[in-house]
Each structure stands twice: as C-alpha cells, then as structure tokens.
Protein chains: 4
Amino acid sequence: MLPVGEPKFRRRKADRPDEIVEAALQVFAAKGFAAARLDDIAARAGVSKGALYLYFATKEEIFRAVVELAIAPNLKGVLAMVAAHPGPFADLVAQFTARMAEVVENSPVGRVAKMVIGEAQNFPALAGVWHDELVAPALGAVAGAIAAAQARGEVRPGDPRAYALSLVGPMLLGAIWRETFVPVGAEPFDLSGLARQHAQAILTGMLTNESRAA
Amino acid sequence: MLPVGEPKFRRRKADRPDEIVEAALQVFAAKGFAAARLDDIAARAGVSKGALYLYFATKEEIFRAVVELAIAPNLKGVLAMVAAHPGPFADLVAQFTARMAEVVENSPVGRVAKMVIGEAQNFPALAGVWHDELVAPALGAVAGAIAAAQARGEVRPGDPRAYALSLVGPMLLGAIWRETFVPVGAEPFDLSGLARQHAQAILTGMLTNESRAA
Amino acid sequence: MLPVGEPKFRRRKADRPDEIVEAALQVFAAKGFAAARLDDIAARAGVSKGALYLYFATKEEIFRAVVELAIAPNLKGVLAMVAAHPGPFADLVAQFTARMAEVVENSPVGRVAKMVIGEAQNFPALAGVWHDELVAPALGAVAGAIAAAQARGEVRPGDPRAYALSLVGPMLLGAIWRETFVPVGAEPFDLSGLARQHAQAILTGMLTNESRAA
Amino acid sequence: MLPVGEPKFRRRKADRPDEIVEAALQVFAAKGFAAARLDDIAARAGVSKGALYLYFATKEEIFRAVVELAIAPNLKGVLAMVAAHPGPFADLVAQFTARMAEVVENSPVGRVAKMVIGEAQNFPALAGVWHDELVAPALGAVAGAIAAAQARGEVRPGDPRAYALSLVGPMLLGAIWRETFVPVGAEPFDLSGLARQHAQAILTGMLTNESRAA
DNA sequence: TATGAATGAGTGTTCATTCAT
DNA sequence: AATGAATGAACACTCATTCAT
C-alpha cells in the first residue's frame, strides 16, 4: 500500500534489455526497420529514448538483438529433434512439419523473418546473421536427415537440399502469407492442416517404393 | 540568335512515365521502399525530381505503378496457360513449374515480391494490390486446376488451395532465397532443377494410384 | 511596385553561398564552432536549414568556407607587398605593420583566427588550412624579407623566423585582446599606435649599427 | 555479515575536488570546453559522473576551477618577481622573458589560455576571470616596471602598456603556435631561443641611448 | 511540360543533469 | 559521500514535396 504513483526511476538494469527488445520486436514487426521510430520503441518499453542507448549503441544493434531473440529459443529445439532422430524418415517428417507449423503459428518468427527479408538489402549483416545462425543450420540439418534416409534406401535419389526446400517451402510460405496478405483480407491458411496434407503428399513422392510399402 | 536545333532526339513525353517506373523498379529493388530516394529515381530516369510529380502524386503512387508493372506482363501469361490447360494434370504441372522457374529466374518479380512483403505493414494498399491482382488469381487458378483434376479422379482428395501452396511454395522460397541470402554468401539453388525435382515428388504424392499408373 | 510581400522562394542560387558564409561568419564568431547552431545560421542568412545543405555538405564545410573567406581577400595583398618590396628594410616594416594593423582592425580576420585557435583540437583540418594557406606563407614571406635584409647587411644575425614572430606578435596579440578581453571590460589597445611604436622599437633592435645610422 | 574491510586506502574526500579539477584540465585542454564530456572527466578522475555534482554545480563551474587552478601557481610567482625588481631594466627583461618561456614550455598555461580564448564568447565570465586575475595584473605589472624605468631614464618615452605587449607578444604567440599549429605539422619554435633573441632586440629598441651604452 | 531551388517536418544520437538507492 | 541508471532537451542532417520560373 505504500509505493504510490510511478517512481521516476525504476532501476532495474537487469530487466531492461529484454523489455526493450520485446518492445522493439513489436514496433519493428509493425513498421519494418526503417519506419520504426526509436521514440515508439522507448515509449512501448516504458523508458526514455536516451535509456535505449544505455543498452544498445545503435538502432541496428537493437534490430540485431531482436533477430537473435527470435532465433534462439524457437528453432534450436526443432533442430535438435531433427538431428537426433533415428528414423524411419516418415515419422521424422510428420513430427517435424507438425512442430514447425506450431512454432510458426505461436511465435514471432514469422514476423521477424518478414523483416529480415524486407531489410536484407539495406542491412546485409542481419540477413547474414539470420542465415548463418538459423536458416543454414536448419536447412543443413533437414538435408542431412534426408541424405541419411537416402543412404538407408528410404528416400529416392535427388538433391537433398532441394528436397529440404520441397519439405519446408509451403509452411514458410504459409507464414509469409499470414503476415503479409491476411491483414489485407486474404483468406488464411490452416497451418497445421497444411502441414499435415503437405507432409503426406511430399513424403509419398520422396519415399522409395520399398519404404512406401512398409 | 534564337536557340537553334536544340533538341536532337527529345524523348517522347508519352514515354516518360514508363521510364520513371522502370528507373523506380531498379531503385526500389535495390533499396526497398523507405530507403529509396526520389533523387535517385529521378536521376536514373534522366529527369528532374520535380518532373516525377507531373506523373505521380506521391512516392507511394510510384511504388504502386512499379508493382503493377512487374505484375502485368510477367505472370498473366502463366495464368492463362493454367486456366486453359485441358489435362492431364501431370503435364500441366510439369509445364507450369518450369515456366514459373523461368519467370522467377529472369524477371524482377522476385525482387518486387520481396519489397511487397517487406513493406506490407506500412503500405497495406500495396499488399492488397499484389494480392488481388496477382497472388489470389494465381493461387485460385492453380487451385481450380487441381480441383478439376480431383473431379476427374486424377488428384487425391484434399484442400486444393493447400495443394497449390505445396506446388508453388518451394519455387517461391527459392526466389526469396536468391534475393535475400545469396548476396550474403548462401549457396544458391538451381531453380530449374529444383522445379523439376519438386514437380516430380509432389506430383507423385498428389496423384491417385490410378492416374499415377497411367 | 508589383512584387508585394516576400516571395517564398527567392531563387538566387548564385548569391546564396556568399550570404550563407557571411551569416555563418557572424554566428561562428559569436559562438564558436561547436556552439553555433545551423538554425541560427540559416535564419540569419534568410534561408531554411535544408537550404544550407544545397551548398555545403556539413557544418564543418561551412566553417571551412568561412575560414577561406576570411583568408583570401585580406592577407594575400599584404603578402604580395612584402614579397615584392625592394628595400630598405625599415621602410618595409613601417608599411607592413601599418597595413597589418589596418587589416586586423577592419576585417573579421581576428574573429576567425580566434575560432581557429579555439577549435584546433577538434578540427585539426581547419588549423591545417589556416596554417598552410595563411600563416605559414605569411610567416615565410616575412622571414624571407628578413633573411634578404640580413644578406644585404641591414639586419643583424639571428633566426629570421623568430625575428618575424618578434615583428608580428604584438599586433596579433592585440587582435586577440580585442576579441577576447575588451568585451569583458578590458581597456582596448590602439592598434595603429601600437603598430607604430612597436615597429620603431623592434626595428631599432633588429637593424645593424650601419643601417641604423643611415 | 556486515561489509568488512572494504576500503583499503580510500582516498581522502578532501582530495576529490583537486583530483577532479586535475582530470578536467586534461580533458578540457584536449577537447575544448564544449567537446569535453563529463563522462571522460569523471572516468579520468576515478569517480562516478554523479560525484562531480557533489563538488561542482555545473560544467561551467568545473571549467572555472580549472582556469583558477592554472592561473594561481604558475604566474603569480613571475609577477612577484617583476614587481619586486629593483633594476636595471635590462636585467629584469632578461630574467622575465626567460622565466616566461619556461612557464609556457612546462605548464598547461598555454593550453588553458587557448581554451579561454576559444570559449570567451560563450563564457564571458571566464574571460573575465582570466583577465582580472591574470592578464590585467600581469600586463599592469610589466607596464609598471616599464614606466618606472622610463622615470629612471632607462626606457624611451612611449605607451608603457604597448611596450609591454611588444615585450610579451612574441612569446605568447609562440605558445599559441605550439598548441595550434605544431599538431598539424607546423615547424615548432624554440621558445627559449625565441625569448632570448626577442629580449635582446626589443630591449635595444626600448632603451635610451644612455642606458644602452651602459 | 519541365526544372531545381527551397522548404520544414522528422529522426537518430549525444550528453549535462537528476535522483533513488 | 557516492553511485550510475535514467532523463529529456538539443541538434545535425535527410528527404518527400512544393512552387516560381
């Protein structure tokens, strides 16, 4: 009952960066990098504009932190799952696509991905981070699992990276669709249903006759 | 004493808007909407900055014209092909994916698409145009062809729109990959090869046993 | 009688840079480089802040233009006088000091010099310009004339550059005095009188007995 | 459980202001007033930025303290020497110029002087302090000694203040030269040599024929 | 039709100063 | 006495848009 009114200074250094990055995620996702105003980020984080510079040197650094925030917790787990999976390949694909649809549906990855794509020219460093830390490892892991399945005779011959794109492309496009076109009136996709249907179709085409029979 | 013989080959004024849009396409594609400067567009079009406003009311109008320019000639033809195709479905898919890979590889559609995605929040009108005039008709046409093939018993049951996404997703993702990650060192995809391999795989999964046997 | 009221655009490109530099001279002299605000310069020049950037790329460029403005017309003439002087040395000194006092008294050289001195650390480039284009040539010319007079037996042995400083030091210090201390209540110096008295005293000390007798 | 043995050699709090002023001298001399950052001063003094405000109300107050620090110990002694000197005038001048060259060479007076000159407009109070406490007394003392020598028939008639400027000008200009132009590549002066040569020349011009003969 | 000088609102960044601890 | 997180006003520079010519 004592502390009345908002104290002017909150003194919570440890929490601030996360609060700022969280606020920045909202603003960047809503406006894109260039159109996002530091004033807005500060206001949404409940700090002054100057306070931003206690934790980040430039606007671009804040963006980078947002990207890293979106990367780290969301997809590392999926990768581990893929890497560790023993087989058969059909099971992996079913689990993987379902998990991917879930992540896309419930995390800001889609919004951040859109930002990275949109700002790639002006901030190649960000595209680089996103590629090196997320996209390339993810694609590599999936391609690796495919190659292993090919070696086991489960999957037909063909470029494993291209197969990986065949596998994940529709879900990612669904995520972009949701962020880009649904707000202007497009009919949304049911990402989980899409994932299921696509997994079944693409699997049938990828598996060898023998493993398909199994 | 009067200025004599001044214009040698004065450009037709009727050409100006197209020249401007063409220049704007380059600049927007290189920088994105917000970072593109009207000065650059004017310089590249060989006109003064003020002249831009004789033909377009705002920067956004120029962007809109660019989007429309990129849409019209490039994809309308593909749509016509799809709409008119009699069957069998397998042939259509082979033709369609090959043509799509070609368009993506040789036209600025990929770059413009990236811009639209990136600026969708700030300029929903543009995402709307892109959706209404390109994406929705295209997806509809493909879904329609799929539905027809399902009716003919060529394609398995399932949501035709989702199947359409399964069909085009990997190629579009390949286009985004090229524009976004290849410049920062990612390994490029061979879009034509990807189209072929994907078409074969997804077709196998989509076709009914009967039609597959055929 | 027709043009009533101030037109919004004046369209006098040729005159603008000079007007801006003139205004900048006032403001820089009054505040120093760092404390001068571009708004003030623009307002005093009767243009918008943006217009400044049509003619100068940065604040520092404006400063540089001011420095060059103050250098060029004021002291080049003095140098020519010194370089061309045939002798005797005593006559040269009398003319030179008088002219120098006059320039210091009636031109902004003093104020600009003070700025250059004050900002030398932060903008070494400016000190460099001032040194290379004004101070070093001037000192060199005077030292050269002294060396020539020594060769003719008119002036006693000794370092010509140091003699040059002996010659000009008091007048320059008088200029600094006027700009720095007179505004806070210091008693001013009569620069012309100072020049005369100093010239006589230092000349006596510099001349050889023979030439002094002459 | 209480904090034990925390301070080893905690600095006496009484020393703090001096440490701050000493640090400020370095920073102000290196950057000038406006460009000096309180952060830098605090860091160099080994205290927090907030601690500065325990001892000084504003940045300007710190500057004032620096000026006073630089004034007091360095030139008061010279003045005393001048005031107390019995004569002959030639001896006084020799001693005085030598001592002045030494002070200028080995103390921060030159740098602080440059700051005062550069910031005089923005902080007239400082120019006032510098004038009232240093420059005016010094000039007065020298002028007084000259007047006394004139009364004794040692020095020719003429304005004693102007003679004083003739005496000290070159050395002060040498100090400014060192701080301003040597860092940008100018050839330095040997201040002691300059002082000797100048003293001899100006003395010859100032002394009466009788005293010169002596 | 065309120019391009001019505008002025907008924004990232800095930094002296304050204050809860 | 001392800290250092936080503030907020200030300012250089940009650029879409206007308009006299």
Side-chain angles (χ1 to χ4, degrees), chain A residues 3 7-16 34-42 46-62, chain B residues 10-14 16 34-43 46-62, chain C residues 3 7-16 34-42 46-62, chain D residues 7 10-14 16 34-42 46-62:
Chain A
K8 194 168 183 184
F9 298 114
R10 278 199 284 159
R11 233 179 150 59
R12 291 208 320 254
K13 171 155 181 144
D15 301 339
R16 279 286 149 84
R37 284 161 51 222
L38 255 12
D39 281 295
D40 289 348
I41 294 174
V47 299
S48 69
K49 195 160 48 153
L52 263 30
Y53 285 84
L54 295 174
Y55 304 101
F56 303 94
T58 64
K59 188 184 187 184
E60 196 175 342
E61 285 303 313
I62 300 179
Chain B
R10 187 106 74 98
R11 270 189 257 65
R12 302 286 92 207
K13 60 190 176 181
R16 280 282 155 85
R37 286 162 53 226
L38 255 15
D39 281 290
D40 289 348
I41 294 173
V47 300
S48 70
K49 199 163 40 156
L52 263 32
Y53 285 83
L54 297 173
Y55 303 102
F56 303 95
T58 65
K59 189 184 186 184
E60 195 175 341
E61 285 303 313
I62 300 179
Chain C
K8 194 167 184 185
F9 298 115
R10 277 199 286 159
R11 229 176 154 61
R12 292 208 320 253
K13 172 154 180 143
D15 300 339
R16 280 286 149 82
R37 285 162 49 222
L38 255 10
D39 281 294
D40 289 349
I41 294 175
V47 299
S48 69
K49 195 163 43 158
L52 263 30
Y53 286 86
L54 296 174
Y55 304 102
F56 303 96
T58 64
K59 189 185 186 182
E60 197 175 340
E61 284 302 313
I62 300 179
Chain D
R10 186 105 74 99
R11 272 190 254 67
R12 302 286 91 207
K13 60 190 177 181
R16 281 282 156 84
R37 285 161 55 227
L38 256 14
D39 281 290
D40 289 348
I41 294 174
V47 300
S48 71
K49 199 163 37 157
L52 264 30
Y53 285 84
L54 296 174
Y55 303 102
F56 303 95
T58 65
K59 190 185 186 183
E60 195 176 340
E61 285 303 314
I62 300 179

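Quick note on labels: first sequence line is chain A, next is B, and so on, each numbered from 1.
Protein atom CD1 of B:I41 is 12 Å distant from nucleotide atom P of F:dC15, rounded to whole Å. The nearest whole Å value for the distance from the CZ atom in C:R16 to the P atom in E:dG4 is 17 Å. Rounding to whole angstrom units, OH of residue A:Y53 and P of E:dG12 are separated by 7 Å. For A:E61 and E:dG12, the CD to P distance is 15 Å, given to the nearest whole Å. Per the geometry, CG belonging to A:D40 stands 13 Å off P belonging to E:dG10, to the nearest Å. Here E:dA16 presents its C1' atom at 16 Å from CZ of D:F56, a figure rounded to the nearest Å. Here E:dG4 presents its P atom at 13 Å from CG of B:L52, a figure rounded to the nearest Å.
Checking the phosphate oxygens (OP1, OP2) of E:dG12, a side-chain nitrogen or oxygen of A:K59 falls inside 4.0 Å.
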Strand DNA chain E in bracket notation, Watson-Crick/G-U under 3.5 Å with | for pairs to another chain = .||||||||||||||||||||

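Distance from the side chain of A:K49 is smallest to E:dT13 among E:dT13, F:dA12, E:dA6. Of the candidate nucleotides F:dT17, F:dC13, F:dT3, F:dT3 has the atom nearest to the side chain of D:A51. For A:T58, whose side chain is taken as the heavy atoms from C-beta onward, the closest listed nucleotide among F:dA2, E:dT13, F:dA6 is E:dT13. Closest to the D:Y55 side chain, of the nucleotides E:dT13, E:dG10, F:dA1, is F:dA1.
Both B:A57 and C:A35 sit near DNA chain F, but only C:A35 has its closest nucleotide nearer the 5' end. If A:E60 and D:L38 are placed on DNA chain E by their nearest nucleotide, the residue sitting closer to the 5' end is A:E60. The residue among B:S48 and D:R37 whose nearest nucleotide of DNA chain E is located toward the 5' end is B:S48.
Between A:K59 and A:A34, the shortest heavy-atom contact is NZ-O, 3.3 Å.
A 4.5 Å side-chain heavy-atom check between B:L38 and B:I62 finds at least one atom pair inside the cut-off.
At a threshold of 4.0 angstrom between heavy atoms, the contacts of B:L54 include nucleobase atoms, whether or not backbone atoms are also involved. Residue contacts shown for C:A36 are limited to sugar-phosphate atoms, with no base heavy atom under 4.0 Å away.
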